[in-house]
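The structure appears below as structure tokens.
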Protein chains: 2
Amino acid sequence: MSAKNINTHLIEIQDYFKAAISVDCVIFGFDENELKVLLIESDLKEFKGKWSLLGDIMHPDEDIETAAYRVLRERTGLENVYMEQVQAFGGINRHPAGRVITIAYYSLVNIEHVELKTHSNELHWHAVKDIRQMAFDHREILATCLERLQRKVIDQPVGFNLLPRKFSLRELQNLYEAILDVKLDRRNFRKKFFAMDYLIDLNEEEQEVRHRPAKLYKFNQEKYNQRHKKSLGF
Amino acid sequence: MSAKNINTHLIEIQDYFKAAISVDCVIFGFDENELKVLLIESDLKEFKGKWSLLGDIMHPDEDIETAAYRVLRERTGLENVYMEQVQAFGGINRHPAGRVITIAYYSLVNIEHVELKTHSNELHWHAVKDIRQMAFDHREILATCLERLQRKVIDQPVGFNLLPRKFSLRELQNLYEAILDVKLDRRNFRKKFFAMDYLIDLNEEEQEVRHRPAKLYKFNQEKYNQRHKKSLGF
DNA sequence: ACAAAAGTGTTGTCAATACACCCATGG
DNA sequence: CCATGGGTGTATTGACAACACTTTTGT
């Protein structure tokens, strides 16, 4: 036990154990009234045929968030999507190639905007609730990210990131029901969202439905930004 | 842009960039009605005289949480304290010795139980609200951990970890006021805590106060554990 | 006309807030 | 007896939950 310490004394870090650092992205989408996650088939012999999150080793010249955005861009072509760091996972034997600490992010994308990259034909969207087994500790990572999303979606309206620009209230409710895995009362749900005043009525209606068409709305991003600024600090 | 990837293909990680990984502990205590944090003076020339969090390089054979507990134990002699991972910080130039990604934890300790280790006479408790400058990006880390603690303390009774085993309701309220930086109504505060039923009346009173002595309580840990289990899963 | 989903209000309950006076102790 | 903080109850308000019928469209 020494008083020498990386925060207080000069230490040559190359003299110390150095692990690899990766990022793993839990990319959530919403389709067919189900919360989905984008996964890739692992070719590692230890995890043959198992599904894994999209991740990569961090580069020396990029910060963590940049690395996570890079993974997202390379795999989905998307930029400027909602993304949040969740936490680090660093079990000693979590990766067969050696000690790899990974930093998990989740992001929320509009599934229709995602063009899966051609070299990524092993990529597939999976219904979150149907996932049983995954490679590495990725099931634990997914579970932790889902819990985080559930919390987040209750106190901030981030769910819009998963929907098309125009959506009906039914779609919005289906989204919340899928994320939280609960049934919600239709009238109370509508009341709540109208009261929050984040919805802009587009005066348009659904097309080609064989029942009464629903009105379409879009998310009031500016109003959200304003409130968000004010409510910071509590 | 390559399809090769640490999650899908065999990669020799020693061929890749390897950064150092550290843990940093935000150790919270409560004393004199103020939320305190345990800091150490940095001797790095870049941060001479500035205060830093307690941290260390992770060892190859320990997982992240073990490393964080080790730092805590070495510095405070404490084991079995409340600790929670917050997130990773990995700005490119955050450490002058090179690329160091750090994983931040906060912990809640009873300040009276802490015997500062003899080789640690540069260690001091600081009032959180008086801290202006810190070494590295530690002020940002501290701020993030404080926000996390504030959220946590609102929806789970973790605050008890900062108090002596026996405490009065006034002390408990002072704690909440210090953490959240708000004033609370005394009657409503008491009502709320009695309703939650986490307090065990010890039938004891404060000694040596020059006013009406307050009753002392302890935290009902078992009841908390039971509820906690049930309430998981929303 | 029928099927299918959209749209709409009221009521009860519970939790959070605001607020003022008497009590027990030490000096 | 005075200063200091301990201890207590009620009324109001706002948020959330429960609940059923009418409307619009396509077939």
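Naming: A, B, ... by sequence-line order, numbering from 1 per chain. Values below: every heavy atom of this structure, side chains too, minus hydrogens, waters and symmetry copies.
With sequence neighbours excluded, the residues that form a salt bridge (charged side-chain N to carboxylate O under 4.0 Å, His left out) with B/E177 are B/K183. Qualifying ring-ring contact (aromatic ring centres under 6.0 Å, His included) partners for B/F167, counting only residues two or more places apart in sequence or in other chains: B/F160. Under the side chain to side chain contact (heavy atoms under 4.5 Å, CB included) criterion, A/A214 pairs with A/S168, A/E206, not counting sequence neighbours. For the salt bridge (charged side-chain N to carboxylate O under 4.0 Å, His left out) test, no residue two or more places apart in sequence or in another chain qualifies with A/E222. Contacts of B/F47 classified as ring-ring contact (aromatic ring centres under 6.0 Å, His included), with partners at least two apart in sequence or in another chain: B/F136.
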Short heteroatom pairs, N/O only, protein and nucleotides 7-12 of chain C, under 3.5 Å:
| unit_1 | atom_1 | unit_2 | atom_2 | d |
| --- | --- | --- | --- | --- |
| C/dG7 | OP1 | A/K215 | N | 2.8 |
| C/dG7 | OP2 | A/R190 | NH2 | 2.5 |
| C/dG7 | N7 | A/R186 | NH2 | 2.6 |
| C/dG7 | O6 | A/R186 | NH2 | 2.6 |
| C/dT10 | O4 | A/K191 | NZ | 2.9 |

List the atom pairs, donor and acceptor, that lie under 3.5 Å between side-chain atoms in residues 28-36 of chain B and the rest of the protein, sequence neighbours left out.
| unit_1 | atom_1 | unit_2 | atom_2 | d |
| --- | --- | --- | --- | --- |
| B/E32 | OE1 | B/K36 | NZ | 3.4 |
| B/N33 | OD1 | B/N174 | ND2 | 3.1 |

Show the atom names and distances, to 0.1 Å, of all donor-acceptor pairs under 3.5 Å that link a side chain in residues 82-90 of chain B to residues at least two apart or in another chain.
| unit_1 | atom_1 | unit_2 | atom_2 | d |
| --- | --- | --- | --- | --- |
| B/Y82 | OH | B/E84 | OE1 | 3.0 |
| B/E84 | OE1 | B/Y106 | OH | 2.7 |
| B/Q85 | OE1 | A/A88 | N | 2.7 |
| B/Q85 | NE2 | A/A88 | O | 3.0 |

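Side-chain contact of B/Y224 with B/Q156: a donor-acceptor pair under 3.5 Å is present, judged by distance alone.
Note: CZ (B/F189) to P (C/dA15) measures 18 Å, nearest angstrom. We find that CD of A/Q173 is positioned 12 Å from C1' of C/dA5, with the value rounded to whole Å.
B/T76 contributes no side-chain N or O that, together with a main-chain N or O of B/V114, makes up a donor-acceptor pair within less than 3.5 Å. Proximity of a side-chain donor or acceptor of B/H138 to a complementary backbone N or O of B/S52 within less than 3.5 Å is not detected. Looking at A/Q173, its side chain does come within 3.5 Å of a backbone N or O of A/L184 through a donor-acceptor pair. For B/D185 (side chain) and B/N188 (main-chain N/O), a donor-acceptor pair under 3.5 Å exists by modelled atom type.
Contacts with DNA chain C (heavy atom under 4.0 Å) in residues 202-211 of chain B: B/V209, B/R210, B/H211, listed by number.
The bend of the helix from C/dA1-D/dT27 to C/dG27-D/dC1, defined by the angle between the axes of its first five and last five pairs, stands at 0° to the nearest 10°.
Judged as a ring-ring contact (aromatic ring centres under 6.0 Å, His included), the pairs with a partner in residues 199-218 of chain B (not counting sequence neighbours) are, in order, B/F194-B/Y217.
Protein chain A contacts DNA chain D over a range whose 5' and 3' limits, counting nucleotides with an atom under 4.0 angstrom from a non-hydrogen atom, are D/dA17 to D/dG26.
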